[in-house]
Amino acid sequence: MSNQAVEVEILGKLTRVACPPGQEQALINAAKELDRRLKSMSEKTQVLNAEKLLTIAALNACYELLESQKVSTTELDSIENKMAQWSQQLDAALNNVTRKESNE
């Protein structure tokens with residue numbers, strides 16, 4: 001299947017973007033979120049230059065992505081530690097059961 005063009009509006013300008021089949025709504029939603037963020041940033045900072053706004057938005061998006069990856073990594077580490085503890089506890093319990101059975 002080939003990509004199809006989806007038209008989105010950002011800062012009042014229509015742009016056609018290639019999109020994989022089935023992902024059209026996700027792209028439209030992403031464009032709406034970007035447009036909302038750019039307009040909000042423009043109001044807060046009084047920056048009207050689209051290139052500057054897009055640069056700031058891109059930096060913010062990268063920062064948010066990196067922060068969410070840190071959280072995911074921390075959560076994954078925590079889960080791995082818990083699983084290692086449970087594995088040790090299970091090994092100890094199985095060893096106790098094996099010792100009791102061999103003593104009988």
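Throughout, numbering of the chain's residues begins at 1 and tracks the sequence.
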(Q) Can you give me the closest heavy-atom contact between Leu53 and Thr45, atom names plus distance? (A) CD2-OG1, 4.4 Å
Q | Exercise: identify the closest heavy-atom pair between Pro20 and Asn3 | A | CA-OD1, 3.2 Å
Q: List the atom of Pro21, the atom of Ser2, and the distance in Å for their closest heavy-atom pair.
A: CG-O, 3.5 Å
(Q) Between Ser78 and Thr74 (side chain of the first, backbone of the second, donor and acceptor by atom type, cut-off under 3.5 Å), is there such a pair? (A) no
Q: Taking the side chain as every heavy atom from C-beta outward, state whether Asp77 and Glu80 have any atom pair closer than 4.5 Å.
A: yes
Q: State which residues pass side-chain contact (heavy atoms from CB on, under 4.5 Å) with Asn81; sequence neighbours excluded, sorted by chain then number.
A: none
Q: Go through the structure and list residues passing salt bridge (charged side-chain N to carboxylate O under 4.0 Å, His left out) with Glu43, not counting sequence neighbours.
A: none
Q. Can you name the residues that form a salt bridge (charged side-chain N to carboxylate O under 4.0 Å, His left out) with Lys39, not counting sequence neighbours?
A. Asp35
Q. From Leu54 CG over to Leu59 CG, what is the distance, rounded to the nearest 0.5 angstrom?
A. 11.0 Å
**Q.** Listed partners of Glu64 passing side-chain contact (heavy atoms from CB on, under 4.5 Å), at least two apart
**A.** Arg37
Q. Which atom names give the shortest non-hydrogen contact between Ile10 and Ala31, and what distance separates them?
A. CG1-O, 4.2 Å
**Q.** Inter-residue atom distance Cys19.SG - Gln25.CD, 0.5 Å rounding
**A.** 10.0 Å
Q: State the CG-CG distance between Leu11 and Leu34, to the nearest 0.5 angstrom.
A: 7.5 Å
(Q) Quick check for you: to the nearest 0.5 Å, what is the distance between Leu94 atom CG and Gln89 atom CD? (A) 12.0 Å
Q) Any side-chain donor-acceptor pair under 3.5 Å between Glu33 and Asn29? A) no
Q | Rounded distance (nearest 0.5 Å) linking atom CD of Gln23 with atom CD of Gln4 | A | 11.0 Å
Q: Just jot down the side-chain contact (heavy atoms from CB on, under 4.5 Å) partners of Leu65, sequence neighbours excluded, or say none.
A: Ser68, Gln69
Q. Residues two or more places apart in sequence or in another chain: which of them pass side-chain contact (heavy atoms from CB on, under 4.5 Å) with Glu67?
A. Tyr63, Lys70
